[in-house]
Number of protein chains: 4
Amino acid sequence: MPRFQEKRELSINKLVEVALRLFASKGYEATSIRNIAGEAGMSLGLLYNYFKSKDELLEEIFRRSVEDIHASFVQSPEQGGSGIEQHIRQTVKLLKEKQDFWKLLHGIRIQSEVVRQLMTEMQEQTAYIEDRIRQNLIEAGIPFPDLEAKLLFASIDGMSSHFLLYDHYPIDDVASLLIMKYKK
Amino acid sequence: MPRFQEKRELSINKLVEVALRLFASKGYEATSIRNIAGEAGMSLGLLYNYFKSKDELLEEIFRRSVEDIHASFVQSPEQGGSGIEQHIRQTVKLLKEKQDFWKLLHGIRIQSEVVRQLMTEMQEQTAYIEDRIRQNLIEAGIPFPDLEAKLLFASIDGMSSHFLLYDHYPIDDVASLLIMKYKK
Amino acid sequence: MPRFQEKRELSINKLVEVALRLFASKGYEATSIRNIAGEAGMSLGLLYNYFKSKDELLEEIFRRSVEDIHASFVQSPEQGGSGIEQHIRQTVKLLKEKQDFWKLLHGIRIQSEVVRQLMTEMQEQTAYIEDRIRQNLIEAGIPFPDLEAKLLFASIDGMSSHFLLYDHYPIDDVASLLIMKYKK
Amino acid sequence: MPRFQEKRELSINKLVEVALRLFASKGYEATSIRNIAGEAGMSLGLLYNYFKSKDELLEEIFRRSVEDIHASFVQSPEQGGSGIEQHIRQTVKLLKEKQDFWKLLHGIRIQSEVVRQLMTEMQEQTAYIEDRIRQNLIEAGIPFPDLEAKLLFASIDGMSSHFLLYDHYPIDDVASLLIMKYKK
DNA sequence: AATGAATGAGACTTCATTCAT
DNA sequence: TATGAATGAAGTCTCATTCAT
């Protein structure tokens, strides 16, 4: 009987993985359910045994990714360096590990429509991140921490976009330069 | 010169305007040709008199927008301030004036697919902009101008994203802060 | 330009006619949109130019039929005979003329679900008919007109069902017998 | 005789009961096998252990219901009143007891298609009932017993329909009125 | 006996595009 | 120029049914 659970989870994981990859490379709207099921090596119908709709599949992808990212941020190992440095390094690390999710997110976040609900939740995450940045800036004794947090967050976001957009983007170097700016 | 041309241009302008608005708010894939023609107050057939396909309509939007932006950058009036300051101020100005185009662009640039051709052209624009930034940084005597250009470009891009994404984003303040960083 | 209107109405009429026939003989659920478009000699897509959904097609069928029936009842020509006699004769006449609609109605009215809205409107019609019957009974000086109206209405309805159900049902004879019962 | 048989019958009974309820309220076509198995608290596979198809499940429902009804009619306890009165009272009693089956039947009998076989069998039942009515009318010395049987049968059927269709339908009163009409 | 994973046909619907007028 | 009728492919989703366990 636990065999069912195993197969179930196997199929679900495969679907989530494939869907994330396709959504990332072609976009949510341009990716068909048929395409996903096909690439996952299963029938169209089976997908619908596990997900009530394309939307719900997207939601599951978000749920899992956000969870992973949150966990990763919370339990970030104490490396050397200032809070700001750690934050930026951790972000870059996550960016590399979860490229597909970031691509999906960047491709979907401006034209929500389908996913307004998801975006609302993302905003909370975003606010949390900006707040963390602000705390780090305060610790570092930077003036205007509110505005600086917005700027730093934007810089990190822009850097991430360009990394996803251009081949061979020297993200580590750019990140180092950014970190340097916040050292006294 | 006769009425034909006038009406023709009027219709085309209307279509480009409406399509840009819809693509910006709902995304390219999620916007239907019917929807565009309807909102523009004309028939499906007429739209196809002016544009051979949905793609071509998108291309025209890009052509016009890129042209406008380029013109605006080239003939930017000599205001006071450093080259960097002028560049940033000009970017913010354009961002506000052409929000819909930037939304469309941000929503489409990562998952090209349909528009790989357009993206190739955009890359040239992008390289040109990054180069301009680098020139300005060199003029200002900033070290590591190559890397600094990448970072500054990313910061401006990120700031723009957040402006498009969040209501009441204090873009002018963030821009001022960013400018300040590059003053000796 | 009025040519469009003509074609439009021609197509719509054809669709309504075919759909009514198929819904009547196979039932609403068991009749596919493809089937309807096919029998009407047009493409699937065209149907959706005129009707937003299968439901809406059903609604249009109801709208038209109810309208016809109402009109027919209101302007029933003054024949000889009591009000009751006229009512029954008129019902039988309509029953014969609109067999398909009655079949559809009888096959759908108990399991509403899809069409709860339609059924609510039908109830009003039903109440109106029962009231007319009651008025006639009162005129004829029949005691217990409320209950008698319910019984007579039920008898007419049952008679109609059997006419739709069985071949060669002697509806006119049964109707005559029923009429006879309400003659003093 | 062992446990197997017991559980088997328990499951089958549950399925028949649930299916009848759902078919009655939503219609045969609109009720899915999944829905039935779910409401019955068992798996899809198990349902298919007992019934080869959806059709067969419907057939079993009919078989059981017709059997029950026949039995009930045959062994109707000798109450007071004429044959006609007894018949009508017995019909009303059965109507109340087996509302779901009557709903199903009324919703399916006009658009047979799937169930032409079942309907053929039902016709025999129907003929039998009409014949019983005729016998009773003959006993009561009513003239034109053939036609009168058709009318009375239709009245009973119509009354039943309205009972199933409308809330708070005063079926007993209507039935009493009908009975009264056949008392000398 | 019992589960639910798995399938594929077919349902409804939308869409970009073409064409006669 | 201008209309919208017409098409057919493709999209999302549901369903009855089978099968390995």
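Naming: A, B, ... by sequence-line order, numbering from 1 per chain.
In this structure, A/E59 contributes its side chain and A/L118 its backbone to no donor-acceptor pair below 3.5 Å. Of the possible donor and acceptor atoms, none in the side chain of C/K14 sits under 3.5 Å from a partner among the backbone N and O of C/M42. For the pair C/Q99 (side chain) and C/L164 (backbone), a donor-acceptor distance under 3.5 Å is absent. Side-chain atoms of A/E60 do not come within 3.5 Å of backbone N or O of A/V16 as any donor-acceptor pair. Looking only at distances, no side-chain donor or acceptor of A/K26 sits under 3.5 Å from a matching main-chain atom of A/S32.
What you find for A/A19 and A/I61 is that their closest heavy atoms are CB-CD1, 3.7 Å.
Rounded to whole Å, the distance from CZ on C/F51 to C1' on E/dC12 is 16 Å. Straight-line distance from the CG atom of B/L57 to the P atom of E/dA16: 11 Å, rounded to whole Å. Distance C/E56 CD to E/dC12 P: 15 Å, rounded to the nearest Å. In this structure, CG of C/L47 is placed 14 Å from C1' of E/dA11, rounded to the nearest angstrom. Atoms CG (B/D55) and P (E/dC15) sit 16 Å apart, rounded to a whole Å. Atom CD in B/E29 sits roughly 12 Å away from atom C1' in E/dC15 (whole-Å rounding). Distance C/L22 CG to E/dA11 P: 13 Å, rounded to the nearest Å. Note: CD (D/E9) to P (E/dA1) measures 12 Å, nearest angstrom.
Within the structure, no pair that satisfies the salt bridge (Lys or Arg N to Asp or Glu O under 4.0 Å) test touches residues 42-51 of chain A, not counting sequence neighbours.
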For nucleotides 19-21 of chain E, which of its nitrogen or oxygen atoms have a protein nitrogen or oxygen under 3.5 Å away, and what is each distance?
none

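Out of E/dA2, E/dT13, E/dA6, the shortest distance to the side chain of A/L46 is found at E/dA6.
D/E56 is linked by a side-chain hydrogen bond (donor to acceptor under 3.5 Å, both in side chains) to D/K52, counting only residues two or more places apart in sequence or in another chain. Every residue two or more places apart in sequence or in another chain that forms a side-chain contact (heavy atoms from CB on, under 4.5 Å) with A/Q117 is listed here: A/E121.
Taking 4.0 angstrom as the limit, C/Y50 places none of its side-chain polar atoms (N or O) nearer than this to OP1 or OP2 of F/dG4.
No side-chain donor-acceptor contact under 3.5 Å links C/R8 and C/N13.
Proximity of D/I33 to D/Y48: side-chain heavy atoms (C-beta onward) are separated by under 4.5 Å at one or more points.
If one axis is set at each end of the helix from E/dA2-F/dT21 to E/dT21-F/dA2 from five pairs, those axes are 10° apart, to 10°.
DNA chain F is contacted by both B/S11 and A/Y28; B/S11 maps to the nucleotide lying nearer its 5′ end (nearest heavy atom per residue).
For a distance-only test at 3.5 Å, the side chain of D/N49 fails to qualify as a donor-acceptor partner of the base of E/dA1.
The stretch residues 31-44 of chain A touches DNA chain F through A/T31, A/S32, A/I33, A/R34, A/L44, each having a heavy atom within less than 4.0 Å of the strand.
A cation-pi arrangement is absent between D/K103 and D/F23, since the terminal nitrogen or guanidinium carbon is not both under 6.0 Å from the aromatic centre and inside a 45° cone about the axis.
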